[in-house]
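Structure, as C-alpha cells:
Keep in mind that what you see is a predicted model, and the values were worked out from it rather than measured. Every chain is numbered from 1 and lettered A, B, ... according to where its sequence line falls, protein lines coming before strand lines.
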Number of protein chains: 2
Amino acid sequence: MSSANMTIFRAYAQKSNPASLPPSILFSHSETCLTVFDAFPKSIFHLLVIPRVRPPFNVYQLANLRSLLKCEKNCAKELLMGLSREANNVKKMIESEMFKKYGFKWEIWMGFHAIPSMEHLHLHVLSADLCSPRMKLKKHYNSFHPKCGFFIHLSDVLSWFDADPSYYKTTSQLKKSEYEPLLKEDLSCWKCDRNLSNMPKLKSHLQEEFDKLSDQEKAKVERERKRSDDLAQTSSSQISLND
Amino acid sequence: MSSANMTIFRAYAQKSNPASLPPSILFSHSETCLTVFDAFPKSIFHLLVIPRVRPPFNVYQLANLRSLLKCEKNCAKELLMGLSREANNVKKMIESEMFKKYGFKWEIWMGFHAIPSMEHLHLHVLSADLCSPRMKLKKHYNSFHPKCGFFIHLSDVLSWFDADPSYYKTTSQLKKSEYEPLLKEDLSCWKCDRNLSNMPKLKSHLQEEFDKLSDQEKAKVERERKRSDDLAQTSSSQISLND
DNA sequence: GAATCCACCC
DNA sequence: GAATCAGCGC
C-alpha cells in the first residue's frame, strides 16, 4: 500500500493501547499482533496483520521480512507462527463475512510483499479476487499475483525454516534486483493464466472471473441447502413412519 | 494540427468552388489560395493559407514544403510569393480584429512546420502569443516556438532562394532526423527565454507575458489617443484663436 | 500530475 | 488511452 507516511504501521505496532485506534483502522488485536484494514484494499477483503514491538525484537528487526529472517531462526519462526495464528483467526472472520455479504466463501491468501513499500512487517490477508477500485497499476496487481513471485505466501516462508540452511540463507535475502523486475511482468489472470494487455481489460476479466465463481459457488451452496432440506424431509418422514 | 483525416487540406485545395465550404472553416479565398481557420488553434489567432491545386503544380508537388522546393525554383518561389501576398492580407485582417477585440495589436508570425502532420502545403499565420486551450503538448509548443527551428518563417524560406545554390539544396531537404528532435527540446518562453519545467507552468507564464503585453500596449494606445486628443484640442484652440 | 509510449482505428 | 516518469510534500 502507499501513503505519505511510510512508518505508520510502526507507530501502530508501538502503541501500548491499540484499542485507541479508530475502528475504521483497527480490525482486532492481541498481546502479540494487531490487524488493520489496508487503506488501499486490492481485493474485496484486505487486512494486514502486524506484529507489535515486544521482546525479543526491536523495531529494526521487525522492519520487514528480510530483517526478521536475519534474526535468530527460532525467534523469527515463533514470531511468524504468531502472525499465522492471528491471520487464521482473521481468515475465519473474513469467511463468515463473505458468506453474510456474498452468499458464498472463496479462497483467502496470506503472504508478504518481497519488497514492501511501507515500513514495519505486515502480513497481507486478502481474498482471492483482486477485484477492487484501488487496484489501478500493473505493479499493484503483480505484487499480489499468487504465482508471480513478488507475493510470498506465508506457507512458503514457514517452509524455508525446514529447508537446507544454505537454501534458507539464499532465499531469505529477498534481493531487490531479483524481485523488483517481477512487478513489470506482463499482466495475466491469476486464475486462468490468460494474458491481458492492460489494466482496464484485466480488471474487467477479473470481474468476470469473480462473477462466474459467484454463480458457481452460490449454486453449490443452493444445492447443499436443498440436499440438507431433503435430508431433513427424509428424516422427518422417517420419524413420521416411526410414529 | 491533428485530425483523423490527414488529407483534408488537399480536399479543400482541390475544390473548384471553395465558397461552398462553411464559414466556420473558410476564412477567405482567391484564385490561387484559400485561407482556413486552424481547427486546433495554438494562438489566439491561427489561420492557414493553402495553395489551390493549379498549373504548373500537381497535388504531389504541393504535398509539403519539401516537395515544393524540389520543383523548378522560379515556379516554387512564385507560388510562395502568392502565399505570402495572401498571408499579408490575412495578417491585416487579423490586426484589425486584434484591435477590435483586444484594444491593441501584436506581432503575427507566418511560417511552415518543417515536418507537417497534415498533408498538403499550408502556411501558418498566427498571432505571437501561443496562448490557446488547444496548446497542450510540448511538441505543440516547440513546433511554433519562433526560435526553436521547427517553425520555419516564410521570410527565411524566401531568403533561401537568394542564397548559394548549395545552401538552397541542403536547407530545402528538411530532413526529419534534423527537425524531429527539436520538438523534444526543453520548454522555454519564446519571449523571455526563461525555462519552464512543464506545460501547465509554461502556459501560465505565457498568459502572464500576454497580460503584461496587453497592459503595456493598451497604455501605449491610450497615450496615443490622449496625444491626438490634445493635438485636436490645440488645433481647435488655434482655430478658436484664429477665429 | 505530467510526459511518454503504444495500440487501435481510419 | 494507458504505462511510465518525476517532482514534491510528508
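- Shown are B/H122, B/H120, B/H124; of these, the ring pair (Phe, Tyr, Trp, His ring centres under 6.0 Å) with B/F9 is made only by B/H122.
- Centroid-to-centroid, the aromatic rings of B/F40 and B/H140 stay 6.0 Å apart or farther.
- By the 4.5 Å heavy-atom criterion applied to side chains, B/F104 and B/S214 are counted as neighbours.
- What separates CG of B/D186 from P of D/dG7 is a distance of 11 Å, to the nearest Å.
- The pair A/E78-A/R85 counts as a salt bridge, with a side-chain nitrogen and a carboxylate oxygen less than 4.0 angstrom apart.
- Taking a pair to require two hydrogen-bonding distances under 3.5 Å in either a Watson-Crick or a G-U wobble arrangement, D/dC10 remains unpaired.
- Distance alone, capped at 3.5 Å, places no donor-acceptor pair between the A/S132 side chain and the A/I44 backbone.
- Comment: A/K191 does not engage A/E209 in a salt bridge, judged by the lack of any side-chain N to carboxylate O separation of less than 4.0 angstrom.
- Remark: B/D38 does not engage B/R134 in a salt bridge, criterion side-chain N to carboxylate O under 4.0 Å.
- Rounded to whole angstrom, the span from the CD atom of B/E185 across to the P atom of C/dT4 amounts to 12 Å.
- Taking atom CG of residue B/L187 and atom P of nucleotide D/dA6, one finds them 15 Å apart after rounding to whole Å.
- The distance between atom CE of A/M6 and atom C1' of D/dG9, rounded to the nearest whole Å, is 13 Å.
- Atom CG in B/L202 sits about 13 Å away from atom P in C/dA2, given to the nearest Å.
- In this structure, A/N198 atom CG and D/dA2 atom C1' are separated by 7 Å, rounded to whole Å.
- Rounded to whole Å, atom P of D/dC8 lies 5 Å from atom NZ of B/K201.
- Residue B/K138 places its side chain closer to C/dT4 than to any other of C/dA2, D/dA2, C/dT4.
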Just to be sure I follow the notation: if a pair is Watson-Crick (purine N1 to pyrimidine N3 plus N6-O4 or O6-N4) or a G-U wobble (N1-O2 and O6-N3), each under 3.5 Å, what dot-bracket string does DNA chain C give, with | for pairs to another strand? ||.||.....
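- Minimum atom distance to the side chain of A/K184 is reached by D/dC5, of the listed C/dA2, D/dC5, C/dT4.
- When rounded to the nearest whole Å, the span between CG of A/L137 and P of D/dT4 equals 9 Å.
- Looking at the side chain of B/P200, the nearest of the listed nucleotides D/dT4, C/dA2, C/dT4 is C/dA2.
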